Amino acid sequence: MIKTRTLPPAALTIAGSDSSGGAGIQADLKTFAACGVYGATAITCAVAEHAGRVASIAPLPPERVAEQAQLAAEGLPLRAVKTGMLYSRAIIEAVAGTLEIYLSSKPLVVDPVMVSSSGTALLEPDAVAALEAAILPRAALVTPNRKEAERLLGTEIADADALREAAERLAEKYGVPFLVKGGHFQGEEAVDVLCAGGEITLFSQPRVPGRDPHGTGCTLSAAIAAQLALGMELKEAVAEAKRYVTRAIAGGFRHGGHDLLDHFA
């Protein structure tokens with residue numbers, strides 16, 4: 001006899017498709033599954049890439065992106081949403097409208113994807129203002145890396161000590177919590193800084209030496225969204241996601257001169 005199973009908590013990722021499977025929608029779905037969350041998707045762009053090179057970006061029509069998110073919201077008991085690569089002003093505006101109409105009550109984790117690890121621009125220049133105006137103020141958490149935080153602030157973040165000030169300034173500027181990631185700095189510990197409600201919290205994990213994997217930002221934001229979908233409070237969700245990413249880095253793979261995460265390590 002077939003047993004009827006109850007669907008686990010669900011989360012939606014609105015992001016680009018990475019043909020290498022290391023980042024984007026693919027990384028998000030692996031992360032959701034590893035965390036015990038049912039994953040739904042709205043694909044914004046088809047990206048032909050691997051860890052070392054982006055060959056092409058093909059954005060979907062904005063109305064198709066919005067339709068995917070709408071149908072996911074209609075058909076599933078979504079408990080959290082994350083956004084990754086949004087790419088264009090038109091897609092951002094379409095996503096913002098869908099969030100407002102169908103998903104306004106769900107916690108939103110925003111990974112403000114701007115540049116790939118190989119240096120390719122993943123957000124069109126005229127889309128930055130749209131991201132700032134239409135997406136960031138809706139977030140339960142924004143998770144920029146150092147370069148993205150510098151772009152949003154318009155100033156350099158010279159060292160790990162400056163991360164705290166950056167997190168405070170970004171949270172004040174946009175009125176929402178910010179987690180500024182410090183993984184690209186040196187040191188024995190990888191430290192991320194959360195500013196939420198005017199309070200600073202540091203999240204530290206031992207740095208895995210000799211590893212610089214593709215897709216860590218996507219994976220961290222997806223893991224936070226998954227923990228929020230499971231009912232965790234923000235700080236607890238960030239701490240658990242940070243531990244998860246550290247395990248994925250430590251248990252990862254090496255191929256073709258590039259590091260890859262093991263999302264099920």
Side-chain angles (χ1 to χ4, degrees), residues 11-32 39-73 81-103 108-139 141-152 154 170 174 176 181 214-222 224-225:
L12 169 66
T13 171
I14 306 172
S17 171
D18 171 10
S19 59
S20 76
I25 287 281
Q26 288 82 351
D28 294 345
L29 286 178
K30 292 175 190 177
T31 301
F32 289 165
T41 65
I43 297 174
T44 60
C45 301
V47 185
E49 68 172 323
H50 57 60
R53 183 168 73 94
V54 175
S56 65
I57 299 171
L60 271 68
E63 61 271 21
R64 295 289 80 79
V65 178
E67 185 178 40
Q68 293 174 76
Q70 175 186 336
L71 270 289
V81 183
K82 73 146 282 188
T83 60
M85 178 185 178
L86 298 178
Y87 188 66
S88 72
R89 173 183 290 274
I91 291 175
I92 288 170
E93 291 172 349
V95 168
T98 304
L99 292 172
E100 176 65 27
I101 296 169
Y102 298 100
L103 295 161
L108 170 65
V109 178
V110 177
D111 182 7
V113 176
M114 295 181 176
V115 181
S116 74
S117 55
S118 62
T120 302
L122 301 179
L123 185 67
E124 292 184 333
D126 69 346
V128 176
L131 182 74
E132 292 180 289
I135 300 295
L136 298 190
R138 301 176 185 275
L141 181 68
V142 186
T143 63
N145 60 29
R146 182 183 67 175
K147 292 298 183 183
E148 291 159 350
E150 288 175 340
R151 178 75 179 273
L152 292 171
L170 286 166
Y174 296 103
V176 297
K181 297 172 290 188
H214 177 56
T216 53
C218 303
T219 299
L220 179 66
S221 57
I224 294 169

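Just so you know, these numbers use all the heavy atoms, side chains as well, and skip hydrogens, waters and symmetry mates. Everything numeric here is computed off the predicted structure, so don't read it as measured data.
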>> If you define the side chain from C-beta out and look only at heavy atoms, does anything of Ile92 sit under 4.5 Å from Leu123?
In response: yes
>> Just to verify, what does Glu150 make a salt bridge (Lys or Arg N to Asp or Glu O under 4.0 Å) with, not counting sequence neighbours?
In response: Lys147
> Can you find a pair of side-chain heavy atoms, one from Leu152 and one from Met114, that are under 4.5 Å apart?
Replying inline: yes
> Closest approach of Met85 and Ile57, non-hydrogen atoms and distance?
Replying inline: CE-CG2, 3.6 Å
> Is the closest side-chain heavy-atom distance between His50 and His214 below 4.5 Å?
Replying inline: no
> Can you list the residues that meet the side chain to side chain donor-acceptor pair (under 3.5 Å) rule with Gln68, with sequence neighbours excluded?
Replying inline: none
> Nearest heavy-atom pair of Ile14 and Ala69: which atoms, and what distance?
Replying inline: CD1-CB, 4.3 Å
> Could you give all pairs that pass the salt bridge (charged side-chain N to carboxylate O under 4.0 Å, His left out) test and reach residues 48-72, with sequence neighbours left out?
Replying inline: Arg64-Glu67
Under 3.5 Å, sequence neighbours excluded: what are the donor-acceptor pairs made by side chains of residues 125-132?
residue: Glu132; atom: OE2; partner: Tyr174; partner atom: OH; Å: 2.3

>> Could you work out, with side chain to side chain donor-acceptor pair (under 3.5 Å) as the rule, every residue matching Ser116, not counting sequence neighbours?
In response: Ser118
> Residues two or more places apart in sequence or in another chain: which of them pass salt bridge (Lys or Arg N to Asp or Glu O under 4.0 Å) with Asp28?
Replying inline: Lys82
>> With heavy-atom distances below 4.5 Å as the criterion, would you say the side chains of Leu103 and Leu108 are in contact?
In response: no
>> List the residues meeting salt bridge (Lys or Arg N to Asp or Glu O under 4.0 Å) with Glu93, not counting sequence neighbours, and say none if there are none.
In response: Arg89
> Residues in side chain to side chain donor-acceptor pair (under 3.5 Å) with Thr219, at least two apart?
Replying inline: His263
> Mind checking what makes side-chain contact (heavy atoms from CB on, under 4.5 Å) contact with Ala94, not counting sequence neighbours?
Replying inline: Pro62, Ala66
> Which residues satisfy the side chain to side chain donor-acceptor pair (under 3.5 Å) test with Ser17, sequence neighbours excluded?
Replying inline: Gln26
> Does any pair with a residue in residues 16-26 pass salt bridge (charged side-chain N to carboxylate O under 4.0 Å, His left out), and if so which ones, sequence neighbours excluded?
Replying inline: none
> Would you say the side chain of Thr98 lies within less than 4.5 Å of the side chain of Val65, judging by non-hydrogen atoms?
Replying inline: no
